[in-house]
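All remarks here apply to the structure that follows.
Both ligands and their constituent atoms are indexed starting at 1 by order of listing. Note that the structure is predicted; figures quoted are calculated from it, not measured.
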Amino acid sequence: MTTESPTKTKKEEVTKVQKLYLLKQGKSLVCQLYVSIRTAQIYDRSNLVYERQGENLFGLIKALLEKEQEIFVKSKEGYLFLNETRLKFSFDGYVSSKFLMETFRKLQFESLVISSPLTAEELDEFVFALAHADMECENPFESLQKRILSSNIQHIRIEKFASEWDVGDESLPENQKKLAKKRFFKTISVAQEMMESGRTGRSINTVKSKRAIQFLIDQLIKNETNLMSLTSIKNFDEYTFAHSVNVCVLSVSLGVRLGLSKRELSELGFAALFHDVGKVRLPLNILNKAGELNEQEWEEVRKHPVFGVKTLLSKRSLDRFSTRAMVVSFEHHLKLDLSGYPQLSFKKDLNLFSRIVTIADVYDSMTSGRVYAKTPLTPDEALRRMLGKEGKAFDPVLLKVFINMLGIYPVGSVVILDSGEVGVVMKANPAELSRPEMAIIADKFGKKDKMETVDLTKIDDKTGKHKRTILKTIDPYQYKLDIARYIY
Ligand SMILES: [Fe+2]
Ligand SMILES: [Fe+2]
């Protein structure tokens with residue numbers, strides 16, 4: 001089995017180029033921020049000297065935002081980071097980086113987050129707020145925060161604790177898994193927060209979710225297994241939010257396979273996270289109904305794609321993210337042959353993102369035992385049923401890539417082996433789809449205490465045959481197995 005796939009090499013190349021870009025731009029940004037704040041401390045906003053520095057800073061940030069969706073400057077443990085890339089300063093950048101770190105420290109914030117569509121006015125206002133912030137008062141952070149919130153600054157925010165996203169050294173494999181878990185659950189809470197604000201009629205602040213998605217994408221590019229295995233846990237109380245995050249992870253993973261750019265992946269992730277946002281406008285008794293819905297209730301449910309468009313429209317400003325999300329919300333139940341809902345009186349091709357999200361959505365719903373089937377289907381059974389509708393409901397090519405990505409035995413599948421043991425699939429094996437990596441959870445006598453990871457590609461020296469082979473999948477619910485226990 002080879003470990004080096006061509007896509008991985010390509011991905012590594014992209015990451016390397018992106019890192020170099022961030023290093024270079026990061027240095028310029030720190031220098032320009034320093035100069036702009038310093039100038040703002042001396043001159044008025046209308047003074048030509050400041051105007052020039054303000055323009056330079058805006059130009060730099062605009063160029064970065066075109067590539068990065070969001071700029072995230074963090075000061076931590078004596079270093080500055082731009083979108084998770086640690087910036088290195090030689091002598092010439094020393095003063096400006098020290099100044100910035102000191103400003104962050106004195107004003108008690110760890111990170112500065114800038115998102116699109118930023119205006120030059122907002123940026124100037126922010127620079128002046130920083131330049132004249134009261135660092136000696138009791139709560140410098142709160143007073144600066146107050147000033148930002150009461151002004152027109154909508155696309156810049158400061159964050160006191162970014163630590164909720166961190167777990168320490170990201171390069172350690174054990175931390176990677178922890179990090180994936182942390183980010184996954186954090187995204188669920190962000191999704192919950194967004195949708196709650198949609199429910200109460202407040203306009204949705206999408207900056208947080210964009211950032212959460214950025215983290216998920218970075219994580220997926222590094223190691224998709226950790227996040228994908230989390231999507232197989234289905235026993236969440238807050239189903240809608242967990243479902244949204246699952247659909248987001250599965251859609252973005254599929255997007256990565258299709259070679260979409262980072263920018264496209266962010267838009268896809270955003271649209272996937274909010275595909276069901278219209279459900280917040282449905283009555284709670286329908287949303288949480290345990291039994292089957294009657295026709296009248298179904299009629300209500302069928303309104304959620306259009307409700308989604310309306311909810312997204314109520315956002316303070318419309319950008320590429322929300323317009324894409326509107327299309328996906330509207331189209332995600334249409335089906336490839338347009339036999340779904342809402343009913344259309346004209347023919348149209350479904351957007352690529354809608355075709356991706358539909359697949360992830362139906363797969364997650366089927367395996368969760370909601371909406372499509374009362375009891376959850378095993379992952380392989382769900383894929384089998386979806387293949388039966390290929391071409392009618394789903395884009396056949398995308399569905400094939402999706403199945404290839406999950407493997408014929410997706411992560412979380414419970415199987416019986418020819419050794420009599422019971423195992424849970426932990427990781428797909430693209431080189432040999434029928435031999436994924438698994439954890440044995442019971443021996444042939446049904447003992448369940450010890451868990452052991454095994455490699456199904458191993459050959460028995462004596463017989464020359466595989467040591468273990470999958471016989472069939474079983475339904476974990478029937479055997480009352482809690483897969484989450486093994487995935488965690
Ligand atoms: Fe939906
Ligand atoms: Fe959905």
Could you tell me how the ring of Phe141 sits relative to the ring of Phe109: parallel (under 30°), tilted (30 to 60°) or perpendicular (over 60°)? tilted
Report yes or no: does His332 have an N/O/S atom closer than 2.8 Å to the Fe ion (ligand 1)? yes
Assess the pair His333 and His275: is the distance between their ring centroids shorter than 6.0 Å? no
Of all N, O or S atoms in Asp276, the one closest to the Fe ion (ligand 2) is OD2
Asp361 near the Fe ion (ligand 2): N/O/S under 2.8 Å: yes
Provide the atom name of the closest N, O or S atom of His333 relative to the Fe ion (ligand 1). NE2
Is any side-chain N of the basic residue among Glu381 and Arg385 closer than 4.0 Å to the acidic one's carboxylate O? yes
Suppose we only allow N, O or S atoms; which atom of His243 ends up nearest to the Fe ion (ligand 2)? NE2
Go through the steps for Thr85 and Asn83 under the test side chain to side chain donor-acceptor pair (under 3.5 Å), then give the verdict. CA-CA 6 Å; Thr85 295; Asn83 294 13; over 6 Å; no
Would you say Leu352 and Leu398 make side-chain contact, with heavy atoms under 4.5 Å? yes
